[in-house]
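Accompanying notes for the structure given below.
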Amino acid sequence: PLRVLATPGDYVLADADVRAIVPVAERMAAGFSQLRVDFFLTDSGLKIGELTPYHVAGHALWNPVDWDARLGRMWTAAKRDISRTATNSG
């Protein structure tokens with residue numbers, strides 16, 4: 001099972017829950033270079049709680065500060081590579 005560490009305790013998702021969540025998250029994130037998909041496991045089933053396209057709304061403060069530019073370049077390069085792959089595979 002997937003083990004998720006969270007405060008105040010540890011939560012363990014059953015394999016069946018993971019098999020249900022992963023394809024939904026992948027479909028929701030299609031077309032985004034990064035998307036966090038939050039879920040609620042309720043008595044009436046799986047519910048999507050929140051979609052977050054950028055960690056801390058894209059306003060993270062990095063220490064050392066040059067990591068902001070470094071990670072930005074990596075993200076841009078990865079997005080360019082994904083676009084190139086998609087174009088060449090069609």
Side-chain angles (χ1 to χ4, degrees):
L2 177 66
R3 187 168 181 78
V4 178
L5 301 179
T7 303
D10 293 347
Y11 302 92
V12 177
L13 295 176
D15 289 340
D17 292 331
V18 174
R19 285 191 298 273
I21 288 172
V22 170
V24 173
E26 289 174 341
R27 283 194 307 272
M28 294 301 300
F32 290 88
S33 57
Q34 188 256 315
L35 184 73
R36 190 185 78 216
V37 182
D38 296 346
F39 292 91
F40 294 105
L41 294 173
T42 71
D43 291 338
S44 60
L46 180 67
K47 305 293 182 196
I48 295 175
E50 180 179 357
L51 304 175
T52 307
Y54 302 101
H55 181 66
V56 294
H59 297 284
L61 299 175
W62 297 94
N63 187 7
V65 294
D66 68 318
W67 272 94
D68 188 23
R70 288 169 128 185
L71 292 169
R73 285 191 299 272
M74 291 168 63
W75 185 324
T76 302
K79 188 174 179 181
R80 186 175 47 246
D81 291 346
I82 290 169
S83 294
R84 190 177 310 130
T85 300
T87 302
N88 293 335
S89 66

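Throughout, numbering of the chain's residues begins at 1 and tracks the sequence. Both backbone and side-chain heavy atoms feed into the values below; hydrogens, waters and symmetry mates do not. Everything numeric here is computed off the predicted structure, so don't read it as measured data.
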side-chain contact (heavy atoms from CB on, under 4.5 Å) involving Thr76 - partner list, sequence neighbours excluded: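 So Thr76 forms a side-chain contact (heavy atoms from CB on, under 4.5 Å) with Arg80.
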Reported CG-to-CZ distance for the pair Leu51 and Phe32, which is rounded to 0.5 angstrom: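 Leu51 atom CG to Phe32 atom CZ measures 7.5 Å (nearest 0.5 Å).
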Same apolar cluster: Phe39 and Leu41, side chain cutoff 4.5 Å: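 Yes, Phe39 connects to Leu41 through the hydrophobic network.
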Any side-chain heavy-atom pair of Val37 and Val24 under 4.5 Å: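 The answer is no, as the side chains (C-beta and beyond) never meet within the 4.5 Å cut-off.
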Presence of salt bridge, Asp17 and Arg19, under 4.0 angstrom: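 Judged by the 4.0 Å cut-off on N to carboxylate O distance, Arg19 and Asp17 do not form a salt bridge.
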Non-hydrogen atoms of Met28 and Leu35 that approach each other most closely: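 Closest approach of Met28 to Leu35, heavy atoms only: O-CD2, 3.5 Å.
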Minimum-distance pair of heavy atoms, taken over all atoms of Pro23 and Ala20: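 That closest heavy-atom pairing would be CD-O, 3.6 Å.
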Derivation of the side-chain contact (heavy atoms from CB on, under 4.5 Å) call for Leu13 and Ile21: CA-CA 10 Å; Leu13 295 176; Ile21 288 172; 4.3 Å; yes
Selection residues 23-33 - residue pairs positive for side-chain hydrogen bond (donor to acceptor under 3.5 Å, both in side chains), sequence neighbours left out: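 Every side-chain hydrogen bond (donor to acceptor under 3.5 Å, both in side chains) pair that includes a residue of residues 23-33, provided the two are not neighbours, is Ser33-Trp75.
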Can I get a per-line list of side-chain donor-acceptor pairs under 3.5 Å for residues 64-72, giving both atom names and the distance, sequence neighbours left out?
none

